[in-house]
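Okay, so here's the structure we're looking at.
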Number of protein chains: 2
Amino acid sequence: MTSSTQRPDPPYRRIAAEFRTRILAGDLRPGDRVPSIRQIAQRWGVAVATATKVVAVLRDEGLVEAKVGAGTVVSARASRKERPAGQAVPPAARQAGVPKGSLNRRHVLRTAIAIADAEGLGAVSMRRLAAELGTGPMSLYRHVTGKDELVTQMADEVFGEAELPVPGPEGWRAKLELVARRQWELSRRHLWLPRAVSFTRPLLVPNMMAHTEWTLRALDGLGLPVETRIREALTLPALVHTVALSVAEEAEAEQETGVTLDGWRLLQRRRADELLSTGRFPLLAALPGETVSDLDGMFDHILARHLDGFAVMLGER
Amino acid sequence: MTSSTQRPDPPYRRIAAEFRTRILAGDLRPGDRVPSIRQIAQRWGVAVATATKVVAVLRDEGLVEAKVGAGTVVSARASRKERPAGQAVPPAARQAGVPKGSLNRRHVLRTAIAIADAEGLGAVSMRRLAAELGTGPMSLYRHVTGKDELVTQMADEVFGEAELPVPGPEGWRAKLELVARRQWELSRRHLWLPRAVSFTRPLLVPNMMAHTEWTLRALDGLGLPVETRIREALTLPALVHTVALSVAEEAEAEQETGVTLDGWRLLQRRRADELLSTGRFPLLAALPGETVSDLDGMFDHILARHLDGFAVMLGER
DNA sequence: TGACATTTGATACGTCGTACGCATACATGC
DNA sequence: GCATGTATGCGTACGACGTATCAAATGTCA
């Protein structure tokens with residue numbers, strides 16, 4: 001570089017330097033918007049091509065990231081002066097990984113999941129989700145074709161949390177119990193899950209298909225006809241599904257009554273009590289209330305009975 | 001308070017507040033007559049119905065007591081502000097008069113059921129239902145407090161179709177199988193049923209409670225602890241529920257594709273095929289398609305396994 | 001410099017459930 | 001008979017929803 005003489009830097013370099021110092025000083029933080037090309041052009045009184053060069057310089061230095069249509073943004077890990085200024089990164093590195101939409105899509109999904117976890121699936125409206133992400137509702141449709149797909153993909157995302165060991169434990173019973181309990185844990189962690197997808201139609205939810213596939217493998221070699229294997233593989237998630245649905249409803253009811261004791265819920269309770277005291281349902285009325293809502297126990301019961309029955313079918317009893 | 005938005009309180013609320021402050025201030029003392037409904041109507045220039053609401057609000061708050069023919073009077077212990085204003089206590093379970101309402105209510109329910117049977121629960125909107133009955137949407141609210149109740153009562157109505165024999169067949173297994181199959185038939189006849197109610201929360205659906213009661217009786221005398229009896233009584237409908245849900249989804253999917261082959265569904269199919277051909281799910285991909293959708297067979301499987309398992313628990317195997 | 005493909009967000013449309021207010025008819029007590 | 005509170009039927013309108021449409025703004029490239 002022979003620019004050591006008094007020859008002044010060209011304008012585009014001067015402006016770029018200006019931004020560079022602001023970024024490195026932390027004045028512009030990662031994620032902040034950098035003025036658009038046309039704004040730079042106007043503000044500094046230069047042509048658009050010049051402003052373009054400014055941004056190009058910064059981008060080649062890895063300080064900013066530009067997306068067409070969206071704008072230019074200070075890139076992460078930019079403030080740490082890890083690379084001597086002026087040392088350009090190979091331009092190929094700027095679009096290395098996935099098409100970048102993938103990351104935003106995950107962000108959308110995780111945010112939606114967070115809302116659903118905290119306030120139930122009903123709270124996940126497109127507007128609400130958009131607000132949470134700081135954008136307009138319509139922007140979501142860039143990452144998701146519609147609400148149906150959003151919900152399905154939320155389910156897929158959380159199903160990805162539950163990994164199944166590759167050989168798995170010994171014996172069909174341990175395997176079946178394992179997969180059922182994994183899904184049960186999932187449903188307890190994400191109460192909206194049974195509302196989001198039907199467990200007996202795993203298509204389109206790849207991570208759910210993986211569970212089905214794993215289960216089918218567990219059923220292989222037991223000498224069962226194919227229809228039985230299918231049914232069994234679909235039965236297990238179905239069992240989880242119903243009980244999980246009840247858990248979800250219980251939670252919702254509780255949440256609502258926690259907020260407002262008004263009208264509907266309270267009225268429900270009153271009516272239920274009235275019905276119970278009519279004497280038409282003596283056994284039902286005599287039940288202790290706590291047991292009804294012990295849904296973990298309920299799940300254990302339903303799963304154990306089923307596996308026992310399956311063992312009978314295999315002739316093991 | 002309710003001043004969150006700038007939207008002014010509706011007239012009836014404003015007027016009620018006016019009286020409330022006068023009562024609480026002691027301006028109107030216990031035993032004093034409150035202006036009659038028609039007087040209020042005239043004095044404030046509103047309709048009698050509106051004035052009626054004013055009095056209703058005050059009465060629900062326990063501030064006044066109304067007697068037909070006699071008039072409305074400030075109730076005793078009203079001046080002590082013992083209850084946060086606006087917090088109504090007795091919504092007063094409105095027991096609809098039998099004579100006329102009963103028949104019309106059934107008509108509403110049966111019409112709603114007919115729509116749901118033919119086009120799915122999603123087609124049952126208040127407007128649609130009203131149109132079918134030849135009235136305005138708001139007329140429905142004379143017979144039903146809201147959509148939630150409508151749906152619940154629809155379920156109750158159809159559960160009334162399934163009668164259970166009073167002594168029932170001999171032996172626990174025949175009894176349990178009977179009640180499960182009755183519910184299964186119900187769900188096949190009314191595909192929307194599993195969507196309408198949770199089978200594990202029979203409260204508020206008297207005809208469903210009857211099933212639970214019947215099941216509990218079938219489980220009596222087997223020497224089982226009470227928790228087990230409860231769980232079992234709730235398990236049977238739960239089993240029906242999941243499989244029925246799948247049936248419903250299948251039917252909906254089929255119906256939609258029957259109408260329009262466009263976009264979403266077709267796209268789903270394509271994606272599913274793509275996923276299957278990735279080789280990640282060899283066992284799944286090798287399955288014959290017909291068996292997957294044999295949901296009657298699925299139900300038989302799940303029920304038989306469960307009952308076998310229950311027999312094991314009873315030590316009968 | 002201008003044409004381009006993208007991305008965005010504001011506006012708006014058609015649904016939904018239902019709150020509100022009105023008019024009218026009815027039942028009850030003085 | 002008369003005034004009272006109540007019940008019924010219904011038209012209007014509000015706010016929330018999912019999403020179609022489209023102009024404006026963006027970085028890029030000829």
Side-chain angles (χ1 to χ4, degrees), chain A residues 33-41 47-56 59 64-73 99-101 104 122-130 133-151, chain B residues 5 7 9-15 33-41 44-56 59 64-73 92 94 96-97 99-101 104 122-130 133-151:
Chain A
R33 273 283 292 270
V34 165
S36 82
I37 285 186
R38 285 177 244 281
Q39 282 172 343
I40 294 179
V48 183
T50 310
T52 303
K53 259 187 169 174
V54 172
V55 175
R59 188 193 50 207
V64 302
E65 284 166 11
K67 268 207 288 260
V68 32
T72 307
V73 149
K100 211 61 170 182
N104 274 349
V124 181
S125 71
M126 298 304 266
R127 286 164 224 267
R128 169 70 195 282
L129 178 54
L133 290 165
T135 75
M138 281 306 110
S139 305
L140 299 178
Y141 287 84
R142 196 57 43 179
H143 306 99
V144 159
T145 68
K147 180 144 195 208
D148 285 353
E149 191 188 273
L150 172 72
V151 172
Chain B
T5 62
R7 197 156 84 95
D9 279 353
Y12 83 93
R13 226 183 268 277
R14 257 193 353 89
I15 302 173
R33 273 285 292 273
V34 166
S36 86
I37 283 186
R38 276 168 253 271
Q39 282 171 342
I40 295 178
W44 271 269
V46 295
V48 280
T50 308
T52 303
K53 253 185 171 174
V54 173
V55 175
R59 192 194 42 209
V64 304
E65 284 163 12
K67 270 206 278 275
V68 298
T72 307
V73 150
R94 260 208 324 205
K100 203 163 218 170
N104 273 349
V124 181
S125 73
M126 297 305 266
R127 286 165 224 269
R128 171 69 194 284
L129 177 54
L133 290 165
T135 75
M138 281 305 109
S139 304
L140 300 177
Y141 286 84
R142 290 295 168 197
H143 307 99
V144 160
T145 67
K147 177 142 197 210
D148 285 353
E149 193 188 272
L150 172 72
V151 172

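Everything numeric in this text was worked out from a predicted model, so none of it was measured. Just so it is clear: chains get the letters A, B, ... in the order the sequence lines come, proteins before strands, and each one is counted from 1.
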Minimum side-chain heavy-atom gap V73(B)-K67(B) below 4.5 Å
no
Taking the side chain of S125(B) as its heavy atoms from C-beta onward, which of dC16(C), dC17(D), dT1(C) lies nearest to it?
dC16(C)
Using a cut-off of strictly less than 4.0 Å, decide whether H143(B) has a side-chain nitrogen or oxygen near OP1 or OP2 of dT8(D).
no
Between dT28(C) atom P and E65(B) atom CD, what is the distance in whole Å?
20 Å
To the nearest angstrom, how far is D148(B) atom CG from dC16(C) atom C1'?
13 Å
Which sits closer to the 5' end of DNA chain C, R128(B) or Y12(B), going by the nucleotide each is nearest to?
R128(B)
Closest to the side chain of R142(B), out of dG5(D), dC10(D), dT26(D), is dC10(D)
Given dG17(C), is OP1 or OP2 found less than 4.0 Å from the side-chain N or O atoms of K147(B)?
yes
Are any non-hydrogen side-chain atoms of R59(B) and T72(B) less than 4.5 angstrom apart?
no
Does a side-chain N or O of T52(B) approach OP1 or OP2 of dG5(D) to a distance below 4.0 Å, or not?
no
Atom NZ of K53(B) to atom C1' of dT18(C): distance rounded to whole Å?
11 Å
Going by side-chain hydrogen bond (donor to acceptor under 3.5 Å, both in side chains), T145(B) matches just one of R142(B), E149(B), H143(B). Which one?
E149(B)
Short side-chain N/O contact to dG9(D) OP1/OP2 from T135(B), under 4.0 Å:
no
Does some side-chain heavy atom of V46(B) sit less than 4.5 Å from a side-chain heavy atom of V54(B)?
no
Side-chain touch V55(A)/I40(A), heavy atoms, less than 4.5 angstrom:
yes
Given DNA chain D, 5'-ward residue of the pair A66(B) and G134(B), judged by closest heavy atom:
A66(B)
When P137(A) and A70(B) are each assigned the nearest nucleotide of DNA chain C, the 5'-most assignment goes to P137(A)
Using only side-chain N and O atoms of S139(B), determine if any of them is under 4.0 Å from OP1 or OP2 of dC10(D).
yes
May I ask you to verify if any side-chain N or O of S36(A) is less than 4.0 angstrom from the OP1 or OP2 atom of dA25(D)?
no
Is there a side-chain polar atom (N or O) of T50(B) under 4.0 Å from OP1 or OP2 of dC20(C)?
no
I want to check something: taking the side chain as every heavy atom from C-beta on, are L133(B) and L140(B) in contact at a cut-off of under 4.5 Å?
yes
Nearest-angstrom distance from the residue atom CD1 of I40(B) to C1' of dT6(D):
14 Å
Atom CZ of R33(A) to atom P of dA25(D): distance rounded to whole Å?
12 Å
Nearest to the side chain of N104(B) - dT18(C), dA23(C), dG9(D)?
dG9(D)
Euclidean distance, atom CE of residue M126(A) to atom P of dG14(C) [Å, nearest integer]
20 Å
Starting at CG of L140(B) and ending at P of dA19(C), how long is that distance when rounded to a whole Å?
13 Å
Establish, with yes or no, whether the OP1 or OP2 oxygen of dT6(D) is under 4.0 angstrom from a side-chain nitrogen or oxygen of R59(B).
yes
With a non-hydrogen cut-off below 4.0 angstrom, is A47(A) in contact with a base, only sugar-phosphate, or nothing?
nothing
Want to settle it: does G136(B) or V48(B) sit nearer the 5' end of DNA chain D, counting the closest nucleotide to each?
V48(B)
Taking CE from M138(A) and P from dA10(C), how many angstroms apart are they, rounded to a whole number?
11 Å
